[in-house]
Each structure stands twice: as C-alpha cells, then as structure tokens.
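Take a look at the structure below.
Quick note on labels: first sequence line is chain A, next is B, and so on, each numbered from 1. Everything numeric here is computed off the predicted structure, so don't read it as measured data.
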Protein chains: 2
Amino acid sequence: MNTLHQSFSVRFTYDVYFSDRLFESTNPTLLDFLQKHHSEGFRKKLLFILDEGVTTAHPELPDQIKTYFSRVSIVDLIPDLIVIPGGEGSKNDPLLVDQLVEAVDRYGIDRHSYVVAVGGGSVLDLVGYVAAISHRGIRHLRIPTTVLSQNDSGIGVKNGVNYRGKKNFLGSFAPPTAVFNDAHFLATLDDRDWRSGMSEAIKVALIKDQAFFVWLEDNAEKLAARDLEAMQYLVHRCAELHLNHIASGDPFEMGSSRPLDFGHWSAHKLEQLTDFEVRHGEAVAIGIALDSVYSQRMGWLSEADTNRILNLERILGFSLFHPALDGDGVLKGLNEFREHLGGRLTIMLLKAIGKGVEVHEMDPNRIREAIGILKENETQPV
Amino acid sequence: MNTLHQSFSVRFTYDVYFSDRLFESTNPTLLDFLQKHHSEGFRKKLLFILDEGVTTAHPELPDQIKTYFSRVSIVDLIPDLIVIPGGEGSKNDPLLVDQLVEAVDRYGIDRHSYVVAVGGGSVLDLVGYVAAISHRGIRHLRIPTTVLSQNDSGIGVKNGVNYRGKKNFLGSFAPPTAVFNDAHFLATLDDRDWRSGMSEAIKVALIKDQAFFVWLEDNAEKLAARDLEAMQYLVHRCAELHLNHIASGDPFEMGSSRPLDFGHWSAHKLEQLTDFEVRHGEAVAIGIALDSVYSQRMGWLSEADTNRILNLERILGFSLFHPALDGDGVLKGLNEFREHLGGRLTIMLLKAIGKGVEVHEMDPNRIREAIGILKENETQPV
Ligand SMILES: NC(=O)c1ccc[n+]([C@@H]2O[C@H](COP(=O)([O-])OP(=O)(O)OC[C@H]3O[C@@H](n4cnc5c(N)ncnc54)[C@H](O)[C@@H]3O)[C@@H](O)[C@H]2O)c1
Ligand SMILES: NC(=O)c1ccc[n+]([C@@H]2O[C@H](COP(=O)([O-])OP(=O)(O)OC[C@H]3O[C@@H](n4cnc5c(N)ncnc54)[C@H](O)[C@@H]3O)[C@@H](O)[C@H]2O)c1
Ligand SMILES: [Zn+2]
Ligand SMILES: [Zn+2]
C-alpha cells in the first residue's frame, strides 16, 4: 500500500510591545491588546505568575495589577496572583512545575485563556514550559523584567526547566502570544543583572550588525552608569535583531546550525562548572572574549577588532576571565555541545566585527592558548 | 518605542509507511528510511520503547528488533529495549514519564537521534510526550500496533498523558518524524481493540467521504469477521483522510473548530464516567450514534441515513448504548467541552452521510430524547 506524505506549515505571529509602567491605570498597552484579541462569546481568564525578586523590588505590583484589571470587563483576572522564587533555582525545582500545573487545573485555565508571567528569564522559562504542556499549549503572555529577558530570552520561542542539574533538559519551542517589555522594571535590577544581559547585545551585534556594535562602543559609559534611556535603545535593537534572526532562520532549531549561540559553548559549561554562581550573561561575556581571542589566534579576526571587543566588555564592567577556565573543564563543554548537536559540531566564530564564520572543529591547544591570554590580561592592569 | 512584529512559518513533513512484518530481516522499509535520513558526520541512536501488550502477543519481537539492527551499521540501537505497560493506565502513571525521561538522559539521546515507540495509542501518546519535552523535542518514530493508532492517533500530531484523572491534561503538538504501520500487529488484537478503532473510520467517512462510508457498508461483514485485507484498506483510507484534514485545517488547533471531534463530546465524558472501562473507540461509536440521532431529531439528517449509520455500527459489533448515558452525566460533558474550547461551543453534527454541519448550541432535551431512543433500540431486537 502506498506511502502517505504529510506536509503542512504552521504560522506563528506575536508582537513585542515596549512600554513604561504597564500597570499604571492610564497605560493603555495591555488593555488595547486584550481588546484587540477579544472575541464575542469567549471569556478569557488571566492567571498571573510573578517573580518574587520583582515583587520584592516592587511591593506595590500585585495591588496595581488587581486595580488595573478591576476596570477591565472583558477578561477575568484570577484574583490569586501566584508568586514564585526568581532566579535559576526556580528552574531546578520540579515541585514548582507541579504547583503551576495544579493552578492551571484549579482555576480552569483553558486554551483560549492566558497564563501571564512577570519576571526574569528563569521564571519566564519555567512558566512558558508549564503553559506549553498544559492542555497542549495555553496562550502565554510574557512580561520580562530583566535586561536579558527583555532583549533575548523573553522575546524568543524557547522555554525550559532543568532536570537533575542538566540545564534546559526539559522544554519546548512555544512562541508567546505577546511580549510586553516594561522599562520601569529595569531600574531595580542589581548591578550584575543590569550588566549581564548586555552581553547578548554584544553577541548579536558581533555576528549581525557592525553599526550596533559601534553604537554600543559609543554608549558604553552611559550603559555602565545605568542610563535607562540608553538601555532602552539597547534592548529594543537587540530584541529586533534576535526576532529577525529567529524568523529568517530555523525557528525551532531542526537543523544543527546555531549562529546565535556564538560565545555560548563555553558559557554553558562555565555556568555549570560554577554551579550557576556565574550568571548566564556573565558567562556569555567570557565566552565571547574567549571565542574572539581564539578567532584572532586562528588568523580570522584582526588584533584591532579583538581589542575593541575586549575593551567594550571591560568598560561595561564584565570580567573576562574566571578561575573555572583553568584546567580542561571547559573543553569538555565542547564535546558535550557536539553531542548535543548530534555528533557534528557547528560553532560560530568571528571574521570581523559584524561578521561571523561557522566552523566544524576547534583546536583544543588554541583554546588553551586563548584561555591563557584572557588570564594574563585579567591579572595585569589595563 | 515602536512595537516589533514577529511572524514566521514552520514547515512539518513526515511520511506514513505501510508494511507487513517490519522487523523481518528482508523487510527494507525501516532500513531505507534510515539510509534516506542518514547524514555524514552524524551518528543517530535509536531508543526503543515497547508496549507490553505487544511483546506479550509477539514474544519474539525484542530479539527480532535486535537482529534487524545488528545488520544496520549507520545507526546505534540502544540494546536495552524498554518495555512498559500498555493501555490507558500507562498515561495515568507519572512515574513512567520520569522513567522514560531518565532513559533519554542515561543513553544520551540527542535531538538528532530517535525515540521509537511501538504500541497502541496510549503508549504512543505517552512516548510522544516524553520525546516532545526532552531536549525541547527529540525526533520521534511511531510504530502503531492497534487499529485506532494506525488510522488516527498514531499518524496525527498530538501526544499527551493524563493528570490526576484528567484525560490528556498534559501534552503537546509534535509531529512525528515518520510513522510505520505494520499490518501484522493487528492480527493479535483482542476483538474489542480490533473493533474499536473502526469507529474513527466511520466518523471521518461521515463528515468527509460518502464513498468511504459506502465501502464500509459493503465490507462490514468482512471487517466484523476480522478480514485483515479489508482492515488494511480501512486503515489506509482513514489515515489518508485524517492526514488531509490535519494539513488543510488548523493542525495545532489554535482556533476552536474541531470537525474531527464529531461524536467525541459525549465519548470523552462516557470514557471518564465509566473509568475508562469503555474504550475510546467504543465510546466514539456511541457518540456517533447519539449525534446522528440528535441530528435526525433536529430535522437535519434523514431517517434513512440515520438508520444506515446505526446499522453499520451494529454489524461491526458496536453497542450503541451504555447505562452511563442514563442520568445527566453526559450532558455535563457538553459544558466541559464548552469550557475546554474557551467559552464558545462548536460541535460538528450531520446533514447527510459525508456532510457535516457545525452548530454552537445543543438542546439538552433533544439530547435526552436521543439517548432515550438509543436505549430503547438497544433493548429491542433489531
Ligand atoms: N528561553 C531562552 O531562549 C533563553 C535564552 C537565554 C537565557 N535563558 C535563560 O534565562 C535565565 C536567566 O534569566 P535572567 O538573566 O533574566 O535572570 P533570572 O531570571 O535568573 O533573574 C535574576 C534575578 O533577578 C531578579 N529579578 C528579576 N527581575 C527583577 C527586577 N526587575 N528587579 C529586581 N530583581 C529582579 C530575579 O528574582 C532573580 O533573583 C537562565 O535560566 C537562562 O538559561 C533563556
Ligand atoms: N494523540 C491522538 O491524536 C489520539 C487520538 C485518538 C485517541 N488517542 C488515545 O489513544 C489511546 C487509545 O489507544 P488504542 O485504542 O490504540 O488502545 P491502547 O493503546 O490503550 O491499547 C489497548 C490494549 O491493546 C494492547 N495492544 C496494543 N497493540 C497490540 C497488539 N498488536 N496485539 C495485542 N495487544 C495489543 C495494549 O497493550 C493495550 O492493553 C487513548 O488514550 C486515546 O485517548 C490519541
Ligand atoms: Zn544566551
Ligand atoms: Zn477519537
């Protein structure tokens, strides 16, 4: 009997809104969105899940949310706003997955209702996962509250939780229904979180957009001094570049090329080696430095460009070395990355600022050499 | 700052192969597939998960699989073939999800390797779910072994497990990489499982294909007498109609119309009311009878057509009534279905054989009347 061929496309669309103080009573952004997506006969519920780090920094937030929705008649806010711990720990705790799935069940959140996550990348990854697996996917709104989540993780299509210490072992590809970037949240980040997300902007500038890299150089002092206006531009442009990349490439990563993982093969390993004491963005900054110096040693990237990259990172306040780079721990990361990709390595490196190059091998001795250079730089006054 | 718009499409393709005795050493189907998908530099692993009901009926199967792959050099068979209990119970046991995720981790099954499920719809739904959430989606091969899974569940895009007794509460949309329908497995089904999957063929014929319905009438005696050749045609045509429907409609069910759920609103409730003692396909046969009689009472479907439907089901050996239909339990299913759809009901009913009609309301009194008619028919000699 003849073979049957199946083939279809699924279209995904969502908007990323930029606003300031989303839940002020006069801010129309959310209300406009809900009205646009309202349809006669359906009554949508909103289940809010909040990052405890956010509610600690913004104690007025839960009441603000309740007040905001008390005036919105077309949806039903679940009055119990769920607050969960923020940070990587939330992705390590399987009980949180259970607790949130249980809430989806208890409050009867159906596939036309919304699960709304307010928080950093960790809480967004966890909540996105719960929304994706409940009822085969509930509509999901994201309100990212860190630089990293506003310019990268929160606007993308991936979610995930850790499993027995393995980063993002469980997860899925599930685009959000909408993302709302609220600049006001960024003001309360601690310095490490303010800084760390900027490495994703450096990353995407380096492989996609030379002009953006120059802008980063020109505004580095302002960004280091926590200028919110400069940060808003950084977030917007970085988000735009990430979105374009996702749409034009391989959104659900069915192939094995991962250009946006520039600087990430060693970063993932460094996070793990330090038990996540090093933040994702901090590790990426080191990974970028490492792969830039490596690209330079291989003769692909000029010394001048290499120094511009290292300088920008230094001005932004990043460390470019970590003691966990000593020893061959991080080299194991290369093999794990190879395995993760299914046997064949594809790594993005640099030819110039704004221009990446994909390779399928990296030379361990040259990597060690690059690590040595970073270590030396770090211990010497600049 | 201006809103960013994201929009992209993801293409999904897979083939459904039809064969007999897949694991006989001379059968090239699987080998051909693996060769076609082989690419230099990648080494794929195959992790097999088998339905215990299948290995009980085919005790030689594990050795056959090992022998088959001992001659295939381009992939690595994980020598530990995992056998799990079959039937709905496997979807109720959260420990099985853990056990399988753990195996994916232990054997280092990456996104380019395959998780292969051999079994009925229940085992396929469970394994498909595990494959979908591990590493954000591992390639998944399905070898369905029941009529229902070969003609409907196993060739589609959904997976799922139950959560605290709630059917398919956790799951996702994740198309398989390929499906292999092996007719040989059908011979060992018990009579109830042989029969029950045929209701999905009646369902899809009724809403999509009058000619197929006539074919079912013409071959009903053969099918009831377990003629394997007739069954192979039924499975192939039913699978084809399901595949076409998925591709031309709304594959990931983002809207709320569900034409292929004809007969299902009451079936889901009946399964639950009887604690899954009634099989899915058996419940669907009753649901079809109920919605057909309802359609007739509403004046949409002729009495002659209604009788043809009930007759076909009777000849195939289906019961058209179950005591759990007494009382208003099943009517609650209508409300649950409404909630599940997000507030607005969309139900497929019949205008003629091969022609559905969507409605947004059902009259409870007419439903009670239709149940009464089915009950009366059941207790009277035909
Ligand atoms: N899904 C993806 O595509 C993707 C991409 C990159 C990174 N990630 C993941 O994102 C996570 C990192 O996210 P992150 O960098 O946003 O950090 P985070 O979510 O771990 O948050 C860091 C800390 O900041 C607190 N916090 C959050 N918002 C705050 C605010 N406005 N004011 C004060 N404190 C606040 C949190 O409570 C937490 O303690 C990692 O798990 C990483 O793997 C995911
Ligand atoms: N994912 C979907 O789109 C979809 C669609 C319809 C139904 N389903 C699900 O499918 C499940 C029902 O699947 P099913 O009808 O295939 O039944 P099943 O998987 O529950 O299997 C029934 C019994 O048959 C045994 N068995 C399987 N193959 C056999 C063989 N070849 N020989 C002897 N015994 C065998 C099993 O061990 C089990 O005991 C339900 O959970 C239903 O919800 C899913
Ligand atoms: Zn990153
Ligand atoms: Zn069905």
(Q) Quick check on B:Asn159 against chain A: is it the side chain, the backbone, both or neither that has a heavy atom closer than 4.5 Å? (A) backbone

Q) For the residue pair A:Arg164 and B:Glu102, what are the closest heavy atoms and their distance? A) NH1-CG, 3.3 Å

Q: Evaluate the side-chain proximity of B:Tyr129 to A:Ile133: yes if any heavy-atom separation is below 4.5 Å, no if none is.
A: yes

Q.
Using a 4.5 angstrom heavy-atom cutoff, name the option from B:Ile155, B:Leu170, B:Asn244, B:Leu4 with the most pairs to chain A.
A. B:Leu4

Q) What's the shortest heavy-atom distance between A:Asp15 and B:Thr3, and which atoms? A) CB-CG2, 3.9 Å

Q: Determine the interplanar angle of the A:Phe12 and B:Phe252 rings, folded into 0 to 90°, and report it as parallel if under 30°, tilted if 30 to 60°, perpendicular if over 60°.
A: tilted

**Q.** Shortest non-hydrogen contact from A:Val104 toward B:Phe169
**A.** CG1-CZ, 4.0 Å

Q.
Tell me the closest heavy-atom pair linking B:Val10 and A:Met254, and the distance in Å.
A. CG1-CE, 3.6 Å

Q) Are A:Arg11 and B:Ser9 linked by a side-chain donor-acceptor pair shorter than 3.5 Å? A) yes

(Q) Report which part of A:Ala239 has an atom under 4.5 Å of a heavy atom belonging to chain B: side chain, backbone, both, or neither. (A) both

**Q.** Minimum heavy-atom distance B:Phe8-A:Pro175, with the two atoms named
**A.** CZ-CG, 4.1 Å

Q: Measure the shortest side-chain to side-chain distance between B:His5 and A:Val16 over non-hydrogen atoms and say whether it is less than 4.5 angstrom.
A: no

Q: Consider only side-chain N and O atoms of B:His135 and A:Asn168, and report whether a donor and an acceptor are under 3.5 Å apart.
A: no

Q | Contact leader toward chain A among B:Ser172, B:Ala178, B:Ser248, where contacts are heavy-atom pairs under 4.5 Å | A | B:Ser172

Q) Side chain, backbone, both or neither: which part of B:Lys45 has an atom under 4.5 Å from a heavy atom of chain A? A) neither

Q: Answer with side chain, backbone, both or neither: which region of B:Asp20 has an atom nearer than 4.5 Å to a non-hydrogen atom of chain A?
A: neither

Q. Which region of A:Asn181, side chain (C-beta onward) or backbone (N, CA, C, O), has a non-hydrogen atom less than 4.5 Å from a non-hydrogen atom of chain B, or is it both or neither?
A. neither

**Q.** chain A contact via B:Ala174 - which portion, at a heavy-atom distance below 4.5 Å
**A.** neither

Q. When heavy-atom pairs shorter than 4.5 Å are enumerated against chain A, which of B:Ser134, B:Gly171, B:Ser19 gives the highest number?
A. B:Gly171

**Q.** Any side-chain heavy-atom pair of A:Asn2 and B:His236 under 4.5 Å
**A.** yes

(Q) For B:Ala247, which atoms come within 4.5 Å of any heavy atom of chain A: side chain, backbone, both, or neither? (A) both

Q | Heavy-atom closest contact (A:Leu243 atom, B:Gln6 atom, distance) | A | O-NE2, 3.0 Å

Q: Considering only heavy atoms and a distance below 4.5 Å, find which of B:Tyr17, B:Phe18, B:Phe173, B:Tyr14 pairs most often with chain A.
A: B:Tyr14

Q. Looking at B:Lys166, B:Gln232, B:Lys158, which has the largest count of heavy-atom pairs under 4.5 Å with chain A?
A. B:Lys158

**Q.** Under 4.5 Å from a heavy atom of chain B, the part of A:Val101 involved
**A.** both

